[in-house]
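Quick note on labels: first sequence line is chain A, next is B, and so on, each numbered from 1.
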Number of protein chains: 2
Amino acid sequence: MKGGRAGDPAHDSLRARGLRLTAPRRLILELVQATDLHPSATTVYQRVRRRLPAVSLATVYRNLRMLAVHGLLAERADAAGMRFDGRPSPHDHFTCVVCGRIYDVPPLAAAGVRRALGASTGFEVLDHRIEFSGRCARCRGRKGRSPRTKEDLWRAKSSKAPGVFRT
Amino acid sequence: MKGGRAGDPAHDSLRARGLRLTAPRRLILELVQATDLHPSATTVYQRVRRRLPAVSLATVYRNLRMLAVHGLLAERADAAGMRFDGRPSPHDHFTCVVCGRIYDVPPLAAAGVRRALGASTGFEVLDHRIEFSGRCARCRGRKGRSPRTKEDLWRAKSSKAPGVFRT
DNA sequence: GTTGATGCAAAGAGTTTGCACGTGT
DNA sequence: ACACGTGCAAACTCTTTGCATCAAC
């Protein structure tokens with residue numbers, strides 16, 4: 001009764017693959033796609049509960065993994081666990097060592113590097129990912145300033161995402 | 001009585017930082033530095049036990065982390081947990097989707113990409129890492145063949161590492 | 001009505017930690 | 001001898017799974 005109907009992009013993506021569009025699943029997908037903060041499962045869970053208080057953490061995990069398997073989300077391993085990325089389109093990442101934010105950055109010089117590697121090794125390069133790290137624009141300003149906790153803003157407050165690049 | 005003495009590179013590296021050179025610590029460092037298979041803590045543990053049967057898993061974890069903090073090893077996050085890399089020098093990685101091996105590859109086209117990112121974003125790029133994936137040379141041969149378990153060879157057999165690139 | 005999805009709780013896997021004892025320097 | 005390192009076991013965190021129930025189609 002609260003689930004989506006035809007015409008909804010999420011609905012169509014799921015139904016086209018023979019997957020059911022349940023309310024938790026739909027919300028989880030929407031939330032992850034609506035931010036570029038690469039949230040953890042727990043963070044998604046906390047956000048989901050604000051609109052669907054009965055949803056369990058297990059359901060969040062099951063859906064995140066399933067959506068990733070079907071290519072609607074991408075998974076990233078992190079020292080603290082898995083992170084989820086709502087944009088499966090090719091792009092790279094920049095992690096700010098000061099504030100901990102993970103920014104999406106456009107694919108800069110992919111093809112040439114991949115070709116070079118394939119030529120020199122005989123490996124068949126199917127995919128690649130570049131992880132940059134350093135200090136982001138807003139953290140270059142302040143001195144040795146407070147490492148603001150990464151996604152606390154998103155988890156706790158509104159769904160306004162910082163939004164740096166949309167790849 | 002069984003630990004190293006002056007003149008040993010590992011001994012010097014540790015002592016120079018005020019760290020003690022115990023037998024487990026020395027062996028752990030040597031094992032990780034001697035392979036490019038990026039072993040997990042459990043894998044290192046299994047290898048350590050073959051020469052020092054009394055060493056505990058906790059000690060392996062403590063030493064791996066401590067050695068990483070002091071820059072003698074590098075840590076990598078993986079879906080299955082942490083991996084350890086004995087070569088802190090800059091290099092990239094290629095993960096074979098068939099056999100699961102993680103190969104070291106030489107740094108191919110770093111500088112230009114970093115400069116481009118800095119110029120277009122205002123970010124100060126301090127480091128980067130490229131993760132390639134695909135099928136390695138030896139797996140391109142066989143058809144849709146058996147995903148040989150990653151580092152079983154090293155864990156179970158001799159310390160002969162496949163050795164692809166030495167960066 | 002079927003079949004897959006969910007909630008709950010329990011189980012797993014990887015990693016960390018408290019404490020008393022052992023050991024490098 | 002002193003301080004750090006170690007073994008053991010318990011604790012913790014993140015993630016997965018079994019099962020009865022519920023709901024999308």
> Of all residues at least two apart in sequence or in a different chain, which pass the side-chain hydrogen bond (donor to acceptor under 3.5 Å, both in side chains) check with B/E124?
Replying inline: A/R135

> For the pair made of CE in B/M82 and C1' in C/dT16, what is the distance, rounded to whole Å?
Replying inline: 12 Å

>> Using heavy-atom distances to pick each residue's nearest nucleotide on DNA chain C, tell me which of B/F84 and A/T59 is more 5'.
In response: A/T59

> Rounded to the nearest Å, what distance is computed from the CG atom of residue B/L21 to the P atom of nucleotide D/dG5?
Replying inline: 11 Å

>> Closest approach to the side chain of A/T22, judged atom by atom: which nucleotide of D/dA24, C/dT25, D/dT16 is it?
In response: D/dA24

Could you run down the sub-3.5 Å N/O contacts of the protein with nucleotides 9-13 of chain D?
none

>> I want to verify a distance call: between D/dT16, D/dG5, C/dT6, whose nearest atom is closest to the A/P24 side chain?
In response: C/dT6

> Expressed in angstrom and rounded to an integer, what is the separation of A/R26 atom CZ from C/dA5 atom P?
Replying inline: 17 Å

>> OP1 or OP2 of C/dT2 versus the side-chain N and O atoms of A/R20: is any pair under 4.0 Å?
In response: no

> In whole Å, what is the span from the CG atom of B/L52 to the C1' atom of D/dG5?
Replying inline: 14 Å

> Among all residues two or more places apart in sequence or in another chain, which pass the ring-ring contact (aromatic ring centres under 6.0 Å, His included) test with A/F84?
Replying inline: none

> For A/T59, what residues pass the side-chain hydrogen bond (donor to acceptor under 3.5 Å, both in side chains) criterion, not counting sequence neighbours?
Replying inline: A/S56

> Listed by chain and number, what are the side-chain hydrogen bond (donor to acceptor under 3.5 Å, both in side chains) partners of B/R129, not counting sequence neighbours?
Replying inline: none

> Once you round it to whole Å, what is the distance between C1' of C/dT23 and CG of B/L19?
Replying inline: 16 Å

> Applying side chain to side chain donor-acceptor pair (under 3.5 Å), which residue pairs with at least one partner in residues 60-74 of chain B are found, sequence neighbours left out?
Replying inline: B/R25-B/N63

> How long is the line joining CZ of B/R62 and C1' of D/dG7, in whole Å?
Replying inline: 8 Å

>> Salt bridge check, A/R83 against A/D78: does any charged N sit closer than 4.0 Å to a carboxylate O?
In response: yes

